[in-house]
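Comments concern the structure below.
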Amino acid sequence: MLSNNKLADVFEKRENEIASKWLELQFADGRKVSPAAQTEAGRRSRDFLGALKNATRRGADINSNDWTPVRDFLTDLSAGQAKNGSSPSETATFVFSLKQPVFTALREEHGKDPAALGDAIWEATELLDKLGLLTTEIYQKTRESVISRQQQEMLELSTPVVRLWENILALPLIGTLDSARTQIVMQNLLEAIVQTRSDFAIIDITGVPVVDTLVAQHLLKTVAAARLMGADCLISGIRPQIAQTIIHLGVDLTNVTTKATLADAFALALKRSGHAVVRDNSKPGASK
């Protein structure tokens, strides 16, 4: 059976040959690659082969400390590919495309001994498969992390708190209101109330497509939290369909001030705060 030192010997004896063929296979899909990208790919391939050669001299356990440079290399590579938008197959191809040049080199070294050649190819296959799967796992974890961060950012961006007047805030909601988003809504609103010392907060649900029992409970929790912070909370955007749904569900909103439109809620908040908006008839075009 082929020893790890012999596998390392194959990498060492035929490193340039393997690297050259491997580089060709990495771009075998016909995509156009700039000279700078080709230079970078060549450097990357040689660095990986060097790390792989050193690791194989110390054993075949890719989880051991001896394989740390190889794992770190693939971690950086896979994470970078995931962040750049490359596909999982493009990422894994970096390792799997190494099989053919390695098998060719092994055949030239041990072709006269079929048994040794078979063992060599099998060991090389196991090794490269493990490394290829490692890149896929790292890629998946990185993508999940990126997606999770983007979802969090989207949630935060989708719950903006707008200052309408000196002591009046508005929180226009668009889309589905679930538990996770409710928590962000509540946090953003309470922070804005504290920062601006506002006395009134309007939650506008015109852009919320469906209001069910769960959504209604989320709204009530947000209203209650705002009241605890000393702000009077109003809900606007109560369309006829939503009103019927709320009644049908038996949700009690009797203690919550609701209005059909954001304009109506804003006018009411102004009135409660002792302000009023009046038309300046002295302006050109103002109705008499």
Side-chain angles (χ1 to χ4, degrees), residues 1-33 35 37-82 84 86-144:
M1 181 174 290
L2 185 69
S3 69
N4 292 315
N5 285 336
K6 288 184 178 179
L7 182 57
D9 288 341
V10 169
F11 286 133
E12 187 165 358
K13 290 180 182 179
R14 301 179 177 272
E15 183 173 358
N16 292 334
E17 176 185 334
I18 292 174
S20 177
K21 183 61 177 178
W22 183 27
L23 194 58
E24 292 179 10
L25 293 174
Q26 290 181 51
F27 302 111
D29 55 5
R31 53 194 169 97
K32 294 183 178 180
V33 182
Q38 289 182 356
T39 300
E40 173 61 21
R43 181 198 61 77
R44 182 177 59 192
S45 298
R46 287 190 296 272
D47 289 347
F48 180 73
L49 279 178
L52 186 61
K53 177 179 61 180
N54 294 331
T56 52
R57 287 195 177 280
R58 295 177 173 85
D61 182 8
I62 68 170
N63 296 314
S64 67
N65 292 333
D66 294 327
W67 283 78
T68 299
V70 176
R71 294 196 306 271
D72 290 345
F73 184 98
L74 293 179
T75 297
D76 293 340
L77 172 71
S78 301
Q81 293 284 81
N84 292 334
S86 299
S87 67
S89 60
E90 289 175 341
T91 304
T93 295
F94 176 79
V95 173
F96 290 136
S97 60
L98 182 57
K99 284 185 176 182
Q100 182 176 331
V102 169
F103 292 171
T104 300
L106 289 172
R107 186 165 54 249
E108 293 177 355
E109 287 290 321
H110 304 281
K112 296 181 179 180
D113 187 344
L117 177 60
D119 290 339
I121 290 178
W122 176 249
E123 290 185 14
T125 299
E126 282 190 317
L127 175 62
L128 295 177
D129 283 349
K130 289 178 182 178
L131 296 177
L133 291 175
L134 177 62
T135 64
T136 303
E137 292 174 0
I138 297 169
Y139 178 95
Q140 183 177 355
K141 290 179 180 179
T142 304
R143 288 298 299 166
E144 289 175 352

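Residue numbers count from 1 along this sequence. These figures come from a predicted structure and were not determined experimentally.
Between Val10 and Ile18, the shortest heavy-atom distance links the atoms O-CD1, 4.1 Å. Taking every heavy atom of both residues into account, Phe48 and Leu131 meet most closely at CZ-CD1, 4.2 Å. Considering every non-hydrogen atom in both Thr91 and Ser86, the closest pair reads OG1-CB, 4.4 Å. Nearest heavy atom pair, residue Phe11 against residue Leu52, reads CZ-CD2, 3.5 Å. In terms of heavy atoms, Phe94 sits closest to Arg44 at CE1-NE, 3.7 Å. Closest of all the heavy-atom pairs between Phe103 and Ala124 is CE2-CB, 4.0 Å.
Checked against Trp67 for a side chain to side chain contact (heavy atoms under 4.5 Å, CB included), the options Ile62, Asp72, Asn54 give a single hit: Ile62.
The stretch residues 91-110 participates, sequence neighbours left out, in these salt bridge (charged side-chain N to carboxylate O under 4.0 Å, His left out) pairs: Lys13-Glu109, Arg14-Glu108, Arg14-Glu109, Lys99-Asp129.
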Candidate pair Asp9 and Arg57, rule side-chain contact (heavy atoms from CB on, under 4.5 Å), full reasoning
CA-CA 9 Å; Asp9 288 341; Arg57 287 195 177 280; 3.0 Å; yes
Could you check Val102 against Trp22 for side-chain contact (heavy atoms from CB on, under 4.5 Å), going step by step and ending with a plain yes or no?
CA-CA 9 Å; Val102 169; Trp22 183 27; over 6 Å; no
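Scored by the side chain to side chain donor-acceptor pair (under 3.5 Å) test, Glu40 finds Arg43 as partners (sequence neighbours excluded). Looking at residues two or more places apart in sequence or on another chain, you find no side chain to side chain donor-acceptor pair (under 3.5 Å) involving Gln100. Thr93 pairs by the side chain to side chain donor-acceptor pair (under 3.5 Å) definition with nothing, not counting sequence neighbours. Shown here are the salt bridge (charged side-chain N to carboxylate O under 4.0 Å, His left out) partners of Glu137, two or more places apart in sequence or in another chain: there are none.
Taken to the nearest 0.5 Å, the CG atom of Asp119 stands 10.5 Å off from the NE2 atom of His110. In this structure, Ser97 OG and Lys21 NZ are separated by 11.0 Å, a value rounded to the nearest 0.5 Å.
Distance alone, capped at 3.5 Å, is enough to place a donor-acceptor pair between the Thr68 side chain and the Asn65 backbone. A donor-acceptor pair is defined here as one N or O able to donate and one able to accept, closer than 3.5 Å; such a pair exists between the side chain of Thr125 and the backbone of Ile121.
No more than 12 heavy atoms of other residues, nucleotides or ligands sit less than 6.0 Å from atom CG of Asn16.
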Side-chain donor-acceptor pairs of residues 73-80 under 3.5 Å, sequence neighbours excluded:
from: Thr75; atom 1: OG1; to: Arg71; atom 2: O; distance (Å): 2.8
from: Ser78; atom 1: OG; to: Leu74; atom 2: O; distance (Å): 2.9
from: Ser78; atom 1: OG; to: Thr135; atom 2: O; distance (Å): 3.3

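Side-chain atoms of Thr56 and Leu127, non-hydrogen and from C-beta on, do get closer than 4.5 Å to each other.
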